[in-house]
Amino acid sequence: MLEKTYDPQSLERHWYELSENQGLFACNPDASSNPYTIMMPPPNVTGSLHMGHALTFTLQDVLIRYHRMCGRDALWQPGMDHAGIATQMVVERQLAEQGISRRDLGREAFVEKVWEWKEQSGGTILHQQKHIGASADWQRSRFTMDEGLSEAVKKVFVRLYKDGLIYRDKRLINWDPKLLTAISDLEVEQREVKGHMWQLHYPVEGSSEVITVATTRPETMFGDMAVAVHPDDERYRHLVGQNVCLPIVGRVIPIIADSYSDMEKGTGAVKITPAHDFNDFEVGRRHGLELLNIFDQHAAMNENVPADYEGLERFDARRKLLAALGECGALGDTEDTVHAVPHGDRSGVPVEPWLMDQWYVNAAELAKPAIAAVRDGHTRFVPQRWEKTYFEWMENIQPWCISRQLWWGHRIPVWYGPDGTVFVEETKEAASAAAKTHYGRDVTLDQDEDVLDTWFSSALWPFSTLGWPGRTKELNRYYPGDVLVTGFDIIFFWVARMMMMGMYFMDGKVPFRDVYIHALVRDEFGQKMSKSKGNVLDPLDLTAKYGADALRFTLVAMAAQGRDLKLSETRIESYRNFATKLWNAARFLEMNGCISDKGAPPPIPETLHEPVNLWILSELNTTIRKISTAIESYRFNEAADAIYHFVWDRYCDWYIEFIKPVLKDSAECRHVAAYVLAQLLKLMHPFMPFITEELNAKLFGSDALLITAQWPVASHQADDNTNLHIVTDIVSEIRMIRAEMNVPLKALPILQIAGADARIQAVITAMQPSVCRLARLSDIVFSDSDFEKGTARSSLHRFEIGLPLAGILDFAVEKARLEKEIKASEAEASKLAAKLGNEGFLAKAPPAVVAENKRRLEQENTRIDTLGSALKRVIAEM
RNA sequence: GGAGCGUUAGCUCAGCGGGAGAGCACCACGUUGACAUCGUGGGGGUCACAAGUUCAAUCCUUGUACGCUCCACCA
């Protein structure tokens with residue numbers, strides 16, 4: 001016997017472990033069935049999962065479980081990402097609490113510490129993933145730094161280098177002065193910052209004129225190499241070719257003409273600091289300007305500035321310089337301003353453009369086939385509009401800076417000879433051999449100190465996890481993946497790069513056919529969840545409180561395509577209630593002997609006698625179709641909506657209520673009730689895996705788990721011809737009258753139906769016990785004779801119903817009720833009449849639409865007539 | 001500056017060329033043996049605004065207003 005309420009805590013772990021231990025999450029590379037592959041975006045090993053993870057893993061799990069049930073050989077490839085910067089920061093912070101820096105430890109010992117932390121953190125994440133029911137093939141789990149994936153990284157680096165697509169270059173990079181590493185453009189975020197716009201007066205050499213430039217960063221004056229004005233700018237034309245003398249510094253720099261200068265902006269004259277500004281760098285290159293670096297790695301002033309500034313932190317230097325400029329009269333107007341300042345997305349400090357040697361990927365070249373693949377439809381974005389975002393970025397892609405001055409990550413497979421000659425090989429041995437050939441003798445090589453951008457290894461995920469560079473069975477079978485499920489925030493970071501690498505290394509084959517971009521989870525006020533805001537909902541807390549099934553269902557129900565998802569607890573609560581509803585429906589069946597150990601074979605529609613059974617089978621069919629279609633087109637919310645309403649509205653509120661009076665005597669009803677429950681447990685399984693397994697086992701006593709059950713197929717036979725809606729309409733109408741009239745529950749009037757044809761009489765008669773129970777009637781009679789005094793009346797379809805309520809009926813209330821109904825029908829009728837009076841409509845609208853409107857108009861008119869005469873009677877009886 | 005998205009019931013959101021929907025909240029009645037984590041009934045919306053296309057517009061087009069996001073931008 002089932003307990004009164006469902007208790008998730010005691011059952012979730014049981015069912016999860018049982019299915020995992022039976023190996024039911026595993027793919028089978030030797031299967032004859034078609035594979036279905038999802039590459040799980042590997043979470044960072046930096047702590048714990050948030051609601052965004054819960055969403056993405058739930059959606060993927062729904063897809064995996066659905067396709068597994070459809071008979072596909074499902075591979076959900078899991079794993080974790082080493083997350084270079086993020087992870088190194090976490091461990092460094094932990095060390096800092098003990099007063100240790102990573103340099104104290106040294107590279108090797110530090111990396112050892114990170115590995116230790118990875119083991120611990122990775123365990124937490126895995127625990128969370130399992131808790132929400134993720135049925136990934138955990139045996140195949142990979143880590144971006146494990147041996148095989150590291151091999152893949154080296155292979156890719158070397159091949160791209162030898163193909164000329166990876167190269168070393170000296171150019172401006174985004175330097176993070178806190179983390180002390182270069183970062184890519186994508187890791188820079190612009191933040192609006194309050195600041196000032198200062199005007200600086202630079203005296204023109206050999207003249208009394210000054211040229212005024214404006215800047216938000218006066219300290220970069222130390223690195224100024226020119227002042228640029230627009231070639232067409234009349235104000236400055238006579239000064240082009242002359243020099244100015246930098247205040248304080250005394251260095252002399254030229255005034256140049258360059259169209260980069262914008263006449264409208266500032267004073268129209270702009271200082272050029274080629275070593276510390278991306279635009280200025282380009283200007284400098286055009287004019288052959290030198291680059292003067294004025295910062296050290298901490299963004300403090302270096303030896304290239306006047307001695308009394310050397311060593312000052314950048315903002316201290318700014319203050320000191322402003323004071324000095326003020327004193328010598330070189331400082332002009334100051335304005336408050338708000339401007340965007342580039343910050344490191346991890347460190348949160350302003351980054352400095354800095355001139356350095358770094359390694360780059362020629363992304364523009366790799367992007368070409370990746371763009372074409374989407375253009376030609378080999379990979380499809382869902383929703384499609386994200387393609388535009390993808391194209392936009394890919395078509396303007398910049399060289400990808402892949403080297404990082406970190407310790408945690410894939411060490412760059414590059415060795416330098418004594419004279420700096422570069423050897424790029426997969427192993428030190430190979431590099432040494434190459435060096436020996438080059439030098440003609442054995443030499444000592446130094447490996448590049450840097451590591452690769454985390455996303456470099458992530459980009460290989462779709463094939464590296466399948467054993468590439470080996471030509472494995474798995475690679476052959478599971479690549480390309482069927483769908484990648486992720487949020488739009490990493491289209492650039494990850495999706496685009498997997499496309500590029502996949503196309504290049506997998507013989508032009510895309511890494512996945514579909515990219516489903518889902519919403520981002522926000523809190524109920526629409527704020528992004530973040531630790532600093534304190535609005536983070538921990539998936540584990542919520543599963544503890546409401547059960548994993550409820551959380552999963554909520555996420556699926558709210559996952560409408562491509563929007564923010566505002567999560568609120570009341571919504572989760574409502575789906576927890578939904579689980580309870582299902583539980584209790586099952587409990588009702590159990591109590592009434594509907595469940596036999598043999599399970600429930602499919603009923604044969606031709607042999608059924610009860611209209612309600614045909615009806616529910618038909619509704620089940622419709623629901624199967626809706627859910628299958630919705631999942632296959634990634635409309636998860638529609639799938640959730642379909643099953644929710646089928647279970648609650650159709651199955652519980654109508655079907656079970658209908659069969660209650662006849663259940664004891666009707667084996668047919670017991671059978672169909674059980675069969676439909678068995679089917680809907682399957683339909684719900686991808687969304688609510690735990691409660692469905694529990695009910696399936698308890699009620700149907702089967703050893704076979706739902707996770708491997710066959711997905712229900714809609715049968716063609718069970719189309720509804722029962723006109724059950726006539727009966728539900730009668731019940732609803734009577735309930736409404738009773739409610740409005742405050743008819744006591746104990747009153748069981750006899751319903752009189754007038755004007756019903758034989759077909760309608762048959763339907764009602766077949767359902768009579770149910771109708772009487774649901775509408776609380778003592779009997780139903782068909783009679784066209786006039787209703788007695790004090791009868792509440794209504795009109796449905798083409799017949800009239802009368803509910804004799806002598807002694808109860810309040811004539812004033814009844815009059816008001818009828819008037820309201822008539823008014824509503826008249827409004828509807830006049831709209832329909834207007835439409836049908838329009839010749840354009842009659843001529844051009846599809847015939848089915850015209851017919852439907854005519855039918856509705858007739859129905860409304862009948863209703864108006866019937867209710868109108870009922871109203872006259874009421875008035876007469878008052 | 002460039003691009004995209006949104007504006008539908010009190011709140012959060014679906015829908016999307018032919019009868020305005022859900023969940024929650026609200027009001028009334030109700031514990032009749034599956035379920036109060038419930039049942040029944042009800043109230044509540046000129047689908048932001050304007051013009052256009054169409055027989056027909058919440059839905060398509062254009063414009064306006066407001067809000068949001070991404071990209072670019074340290075004069």
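Everything numeric here is computed off the predicted structure, so don't read it as measured data. Here is the naming used below: chain letters follow the sequence lines, and residue numbers restart at 1 for every chain.
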Using the [atom1] atoms only, state how far [M] lies from [N], rounded to an integer number of Å.
N      : M      : atom1 : result
C11(B) : A25(B) : P     : 16 Å
A20(B) : G15(B) : C1'   : 9 Å
C49(B) : A9(B)  : P     : 11 Å
C38(B) : A14(B) : P     : 24 Å
C59(B) : G6(B)  : P     : 13 Å
A57(B) : A51(B) : C1'   : 13 Å

Rounded to whole angstrom units, what separation is found between the CZ atom of R773(A) and the C1' atom of A34(B)?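 From R773(A) CZ to A34(B) C1': 11 Å.
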
Please report, rounded to the nearest Å, how far the C1' atom of U32(B) is from the CG atom of L774(A).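 Result: 11 Å.
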
Under 4.0 Å protein heavy-atom contacts per nucleotide of nucleotides 55-62 of chain B, with B for base, S for backbone only and - for none: B-------

Taking only residues two or more places apart in sequence or in another chain, which ones pass salt bridge (Lys or Arg N to Asp or Glu O under 4.0 Å) with K698(A)?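 K698(A) satisfies salt bridge (Lys or Arg N to Asp or Glu O under 4.0 Å) with E694(A) only.
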
I'd like a list of close polar pairs between nucleotides 20-22 of chain B and the protein, N/O only, cut-off under 3.5 Å.
none

Which donor-acceptor pairs under 3.5 Å do side chains of residues 571-578 of chain A form with protein atoms, sequence neighbours excluded?
residue, atom, partner, partner atom, Å
R571(A), NE, Y575(A), OH, 3.4
R571(A), NH2, Y575(A), OH, 3.1
S574(A), OG, R571(A), O, 2.7

Measure distances between side-chain N and O atoms of E335(A) and base N and O atoms of A75(B), and say whether any donor-acceptor pair falls under 3.5 Å.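 Not at all, since no donor on one side and acceptor on the other fall under 3.5 Å apart.
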
With hydrogens left out and only the distance checked, is there a donor-acceptor pair under 3.5 Å joining R776(A)'s side chain and the base of U32(B)?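 Answer yes: a donor N or O sits under 3.5 Å from an acceptor.
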
So which protein N/O to nucleotides 38-42 of chain B N/O distances come out below 3.5 Å?
residue, atom, partner, partner atom, Å
C38(B), OP1, N577(A), ND2, 2.8
C38(B), O3', K581(A), NZ, 3.3
G39(B), OP1, K581(A), NZ, 3.3
G39(B), OP1, W648(A), NE1, 2.4

Can you name the ring pair (Phe, Tyr, Trp, His ring centres under 6.0 Å) partners of [X], sequence neighbours left out?
X       : answer
Y202(A) : none
F381(A) : Y390(A)
F493(A) : W455(A)

Tell me every residue that passes side-chain contact (heavy atoms from CB on, under 4.5 Å) with P353(A), counting only those two or more places apart in sequence or in another chain.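 In terms of side-chain contact (heavy atoms from CB on, under 4.5 Å), with neighbours along the sequence ignored, P353(A) is linked to L172(A), F278(A).
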
With sequence neighbours excluded, tell me which residues meet side-chain contact (heavy atoms from CB on, under 4.5 Å) with A548(A).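 side-chain contact (heavy atoms from CB on, under 4.5 Å) check on A548(A) returns E12(A), T543(A), F690(A).
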
At less than 4.0 Å, is any side-chain N or O atom of N279(A) found next to OP1 or OP2 of A72(B)? Yes or no.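 N279(A) to A72(B) OP1/OP2: no side-chain N or O under 4.0 Å.
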
Given G19(B), is OP1 or OP2 found less than 4.0 Å from the side-chain N or O atoms of K854(A)?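 No, no such contact exists.
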
Can you pull the salt bridge (charged side-chain N to carboxylate O under 4.0 Å, His left out) pairs that have at least one residue in residues 636-662 of chain A, sequence neighbours excluded?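 Of all non-adjacent pairs touching residues 636-662 of chain A, those that pass salt bridge (charged side-chain N to carboxylate O under 4.0 Å, His left out) are E619(A)-R650(A), R635(A)-E638(A), E657(A)-K660(A), E657(A)-R773(A).
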
Using the ring of W354(A) (Phe, Tyr or Trp, six-membered ring only), decide whether R314(A) places NZ or CZ under 6.0 Å from its centre and within 45 degrees of its axis.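 Geometry flag: not set, cation outside 6.0 Å or 45°.
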
Under 4.0 Å, heavy atoms only, any strand: does Y546(A) hit a base, just the sugar-phosphate, or nothing?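 Nothing, no nucleic acid heavy atom in range.
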
Given that both pair distances must be under 3.5 Å and the pair must be Watson-Crick or G-U, what runs of three or more consecutive pairs involve RNA chain B?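 RNA chain B forms these stems: B:1-7 with B:65-71, B:10-13 with B:21-24, B:26-30 with B:38-42, B:48-52 with B:60-64.
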
